[in-house]
Amino acid sequence: MQPTTLTPLRLPSRATLTAAALMAALLAGCAPATRVTLLPQADGRPSAVEVTTSKGSQLVAQPYQVAEVTKAGAVEVVQTNAEEVRKAHPQLIALQPAAPDSFVLEFEPGTSDLTAASQARLPEVISKAQARVGGEIVVTGHTDRQGTLEANDALSLKRAQAVRDLFIGQGFKAELIQAVGRGEREPAVPTDDEVVEPRNRRAEVVVR
């Protein structure tokens, strides 16, 4: 059996680069072939994996593409579909983790205080997060473009940390919650500099 390497590839748009590959037979001793099926990510972002042997390599970049290493060590790629994969690997498909839950909370201008509407929504967000037992939470804070880059970086992190503290106060494990500040770099609504935009004063909460 030829040695086989699987390499997740870095793609544009800050793609999450999990090796979204379903292994039917991954170098299983005397198994006659290695087969890798690329599954789509739950959030729709692209992913890819490069399958390499001593005979060459092939890129698998489309959902439900299958790369198979032949007995001779060559890599062959064919396109399948969701139905074919479900029929071929029902038990493995059932083991896939649930898609992440995503929530947006908004803030009062220049502060890390939630708006009244977001405060009212917080119990729903907490309840849904509690349903994901053992899950991880990533809180990403954002600002609008009013103020300096440095100030907005600090404010966005403060917002993320404030939401993190709210979750910890509800019994979530601190080590499972990450707070990240992105300043004004990733607006929900693109604007010119110094434009006030309430929808950009937010924290995105992803529970996975």
Side-chain angles (χ1 to χ4, degrees), residues 1-103 129 131-142 153 157 160 164 172-183 185-187 204-208:
M1 184 71 185
Q2 295 285 341
T4 305
T5 301
L6 302 180
T7 306
L9 301 180
R10 187 167 299 279
L11 299 176
S13 302
R14 300 177 63 237
T16 300
L17 300 173
T18 58
L22 167 64
M23 308 306 175
L26 177 55
L27 301 177
C30 60
T34 297
R35 182 178 297 119
V36 178
T37 301
L38 189 71
L39 302 179
Q41 298 198 84
D43 59 9
R45 289 184 291 179
S47 60
V49 65
E50 187 173 35
V51 182
T52 304
T53 72
S54 62
K55 300 293 185 180
S57 64
Q58 290 281 1
L59 178 66
V60 183
Q62 297 300 320
Y64 304 110
Q65 274 188 336
V66 177
E68 185 164 345
V69 180
T70 67
K71 292 180 180 180
V75 183
E76 298 179 350
V77 177
V78 297
Q79 182 68 52
T80 64
N81 56 53
E83 184 60 27
E84 290 180 25
V85 172
R86 280 195 294 268
K87 287 181 178 179
H89 310 287
Q91 292 179 324
L92 292 177
I93 292 295
L95 293 176
Q96 284 187 278
D101 287 322
S102 182
F103 311 95
R132 301 288 291 260
V133 179
E136 297 179 340
I137 300 173
V138 178
V139 185
T140 305
H142 302 271
D153 283 346
L157 181 57
R164 179 178 183 270
F172 289 84
K173 294 181 179 179
E175 62 269 24
L176 295 180
I177 310 176
Q178 180 182 7
V180 180
R182 294 297 297 161
R185 295 175 182 80
E186 299 171 6
E204 297 173 346
V205 182
V206 177
V207 185
R208 58 193 182 200

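For clarity, every value in this text was computed on a predicted model and none was experimentally measured.
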Colleague: Do you know the tightest heavy-atom contact between Pro100 and Arg208?
Modeller: CB-CB, 4.1 Å

Colleague: Please round to the nearest 0.5 Å and tell me the distance separating atom CD of Glu204 and atom CD of Glu186.
Modeller: 7.5 Å

Colleague: Where do Thr37 and Tyr64 come nearest, in terms of heavy atoms and distance?
Modeller: CG2-CA, 4.2 Å

Colleague: Considering all heavy atoms of both residues, which atom of Arg164 and which atom of Ala179 are nearest to each other, and what is their separation?
Modeller: CD-CB, 3.9 Å

Colleague: Please step through side-chain contact (heavy atoms from CB on, under 4.5 Å) for the pair Val85 and Leu39, ending with a clear verdict.
Modeller: CA-CA 9 Å; Val85 172; Leu39 302 179; 4.1 Å; yes

Colleague: Looking at every heavy atom in both Arg35 and Val66, which two are closest together, and how far apart are they?
Modeller: CG-CG1, 3.3 Å

Colleague: Heavy-atom distance under 4.5 Å between the side chains of Val36 and Val49, does that happen here?
Modeller: yes

Colleague: Kindly indicate whether the side chain of Arg185, heavy atoms from C-beta on, has any atom under 4.5 Å from the side chain of Asp153.
Modeller: yes

Colleague: Where do Pro63 and Gln79 come nearest, in terms of heavy atoms and distance?
Modeller: O-NE2, 2.8 Å

Colleague: Nearest heavy-atom pair of Ala129 and Ile137: which atoms, and what distance?
Modeller: CB-CD1, 4.5 Å

Colleague: Please lay out, stage by stage, how Glu84 and Lys87 fare under the test salt bridge (Lys or Arg N to Asp or Glu O under 4.0 Å).
Modeller: CA-CA 5 Å; Glu84 290 180 25; Lys87 287 181 178 179; over 6 Å; no

Colleague: If we check side chain to side chain contact (heavy atoms under 4.5 Å, CB included) with Gln178, which of these qualifies: Thr140, Val138, Val206?
Modeller: Val138

